[in-house]
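For clarity, every value in this text was computed on a predicted model and none was experimentally measured.
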Amino acid sequence: MDNRRTAPHMTALNGGKRVEKNHSIIAFRGELDELRALSRVIRSEYMEDGIVDVCAKVVIDRCNALFTCEYTGQRVSLVPYALIDAPNRMSHDPEKYFGVSHFFNEDITEPALCKLDLLRTVVRRAERAAAAAFGYAREDIVGELNTLSSYVYCCMCLYRKRMESGQ
């Protein structure tokens, strides 16, 4: 019996290569898995809210695509984001694009905004794990996660604007 195949501290990468579970790519997969799970929880709680529901669904879809790309070696395809045209650019100037100022240092207490902020931070954690796992070899994955965190922040801005306008 091959103990390497059944060792509980080992797992497989694409191509069947076995690595320890603390390998950086396995850690990245875990972060991506947690991000997708959190998105599902948020979506289940806010299915009636267009902005939050769409944002969580986009994150789920992007996680699924990233899992596929990482495992198969395919490049990430640049698919437009729902609700937001250019997340990276727009997230840097929310006043111009959404009519709200940056609010990172404010005490956010609205539950949906808190959940979206948590989602944004988990995207960032997955981005850091991708950078640690792949470095420059998979800039497509790291870049997609960077854009995804900007996207979630833009959704927060849209939500806040809606709150401020009383809709």
Side-chain angles (χ1 to χ4, degrees), residues 28-167:
F28 163 70
R29 288 179 184 173
E31 296 294 342
L32 204 57
D33 197 26
E34 182 178 352
L35 174 59
R36 184 173 56 186
L38 175 61
S39 300
R40 288 175 175 155
V41 168
I42 292 170
R43 187 157 193 246
S44 73
E45 293 175 3
Y46 292 94
M47 289 190 101
E48 300 300 317
D49 185 295
I51 295 170
V52 179
D53 179 49
V54 168
C55 182
K57 176 70 169 111
V58 165
V59 174
I60 291 165
D61 291 345
R62 298 289 168 140
C63 286
N64 291 339
L66 287 168
F67 271 119
T68 299
C69 290
E70 183 277 317
Y71 192 79
T72 64
Q74 296 173 358
R75 304 295 293 169
V76 175
S77 60
L78 301 175
V79 178
Y81 281 82
L83 302 176
I84 309 294
D85 294 330
N88 292 81
R89 183 183 70 232
M90 295 170 79
S91 69
H92 293 286
D93 194 355
E95 185 71 46
K96 176 180 177 182
Y97 294 102
F98 306 106
V100 297
S101 59
H102 283 291
F103 50 99
F104 282 120
N105 294 327
E106 293 182 22
D107 184 21
I108 300 170
T109 58
E110 202 291 319
L113 272 179
C114 291
K115 294 273 175 75
L116 288 173
D117 197 31
L118 176 61
L119 185 63
R120 181 190 60 77
T121 64
V122 175
V123 174
R124 283 284 191 214
R125 193 170 64 218
E127 178 186 0
R128 289 189 304 273
F134 307 116
Y136 294 106
R138 293 304 308 258
E139 285 183 335
D140 60 322
I141 291 175
V142 177
E144 177 64 19
L145 287 164
N146 179 271
T147 301
L148 190 57
S149 68
S150 295
Y151 173 77
V152 175
Y153 182 65
C154 289
C155 289
M156 291 174 66
C157 293
L158 276 176
Y159 189 89
R160 180 153 190 184
K161 179 64 175 179
R162 188 179 74 189
M163 283 177 45
E164 290 176 357
S165 65
Q167 296 177 346

Novice: Give me the atom names and distance for the closest heavy-atom approach of F98 to C154.
Specialist: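 Taking F98 first and C154 second, the nearest heavy atoms are CZ-CB, 3.6 Å.
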Novice: For the pair K161 and E164, evaluate salt bridge (charged side-chain N to carboxylate O under 4.0 Å, His left out) and give the outcome as yes or no after the intermediate values.
Specialist: CA-CA 5 Å; K161 179 64 175 179; E164 290 176 357; 5.3 Å; no
Novice: Yes or no on side-chain contact (heavy atoms from CB on, under 4.5 Å) for T121 and L118, after CA distance, side-chain angles and deciding distance?
Specialist: CA-CA 5 Å; T121 64; L118 176 61; 3.9 Å; yes
Novice: What I want to check is whether the side chains of Y97 and R89 have a donor and an acceptor closer together than 3.5 Å.
Specialist: yes
Novice: Distance check, rounded to the nearest 0.5 Å: F28 atom CZ versus R138 atom CZ?
Specialist: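 So the gap between those two atoms works out to 8.5 Å.
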Novice: What distance separates D93 CG from C157 SG, expressed to the nearest 0.5 Å?
Specialist: 10.0 Å
Novice: Would you check if T68 and N64 make a side-chain contact, meaning some heavy-atom pair closer than 4.5 Å?
Specialist: no
Novice: Are the side chains of L158 and I84 in contact, using a 4.5 Å heavy-atom criterion?
Specialist: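 Sidechains of L158 and I84: in contact.
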Novice: Please give me the minimum heavy-atom distance between S149 and R120, naming the atom from each residue.
Specialist: O-CG, 3.8 Å
Novice: Does a side-chain heavy-atom distance below 4.5 Å link F103 with P94?
Specialist: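 Not in contact.
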Novice: Test R124 against N146 for side-chain contact (heavy atoms from CB on, under 4.5 Å), laying out the working first.
Specialist: CA-CA 7 Å; R124 283 284 191 214; N146 179 271; 3.3 Å; yes
Novice: Could you measure the distance from the OG atom of S39 to the CG atom of L116? Nearest 0.5 Å is fine.
Specialist: 9.5 Å
Novice: Pair E144, R62 - check salt bridge (charged side-chain N to carboxylate O under 4.0 Å, His left out), show working.
Specialist: CA-CA 8 Å; E144 177 64 19; R62 298 289 168 140; 2.7 Å; yes
Novice: Could you walk me through whether E127 and V142 pass the side-chain contact (heavy atoms from CB on, under 4.5 Å) check?
Specialist: CA-CA 6 Å; E127 178 186 0; V142 177; 4.3 Å; yes
Novice: Would you tell me whether H92 and Y153 have side-chain atoms, one donor and one acceptor, within less than 3.5 Å of each other?
Specialist: no
Novice: Considering non-hydrogen atoms only, spot the tightest contact between P87 and T147 and give its length.
Specialist: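 For P87 and T147, the tightest heavy-atom pair comes out as CB-O, 3.8 Å.
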Novice: What heavy-atom pair brings Y46 and A112 nearest, and what distance separates the two atoms?
Specialist: OH-N, 3.4 Å
Novice: Within the supplied structure, the quantity of interest is the number of heavy atoms (other residues, nucleotides, ligands) at a distance under 6.0 Å from E106 CD; does it exceed 12?
Specialist: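 For E106, atom CD is crowded (more than 12 foreign heavy atoms under 6.0 Å).
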Novice: Nearest 0.5 Å, please: how far is CG in L32 from CZ in F67?
Specialist: 4.0 Å
Novice: Measure the CG-CE distance between D85 and M90 for me, rounded to the nearest 0.5 Å.
Specialist: 5.5 Å
Novice: Would you mind checking if R162 and D49 are paired as a salt bridge, meaning a charged N to carboxylate O distance below 4.0 Å?
Specialist: yes
Novice: To the nearest 0.5 Å, tell me how far E70 CD sits from D140 CG.
Specialist: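 One gets 10.5 Å once the value is rounded to the nearest 0.5 Å.
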Novice: For D33, is there an ion pair with R29 - N to carboxylate O distance below 4.0 angstrom?
Specialist: no
Novice: Looking at every non-hydrogen atom in both residues, tell me the closest pair between E31 and A126 and how far apart they are.
Specialist: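 That would be CB-CA, 3.9 Å.
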Novice: List the steps, then state whether side-chain contact (heavy atoms from CB on, under 4.5 Å) holds for L35 with L119.
Specialist: CA-CA 7 Å; L35 174 59; L119 185 63; 3.6 Å; yes
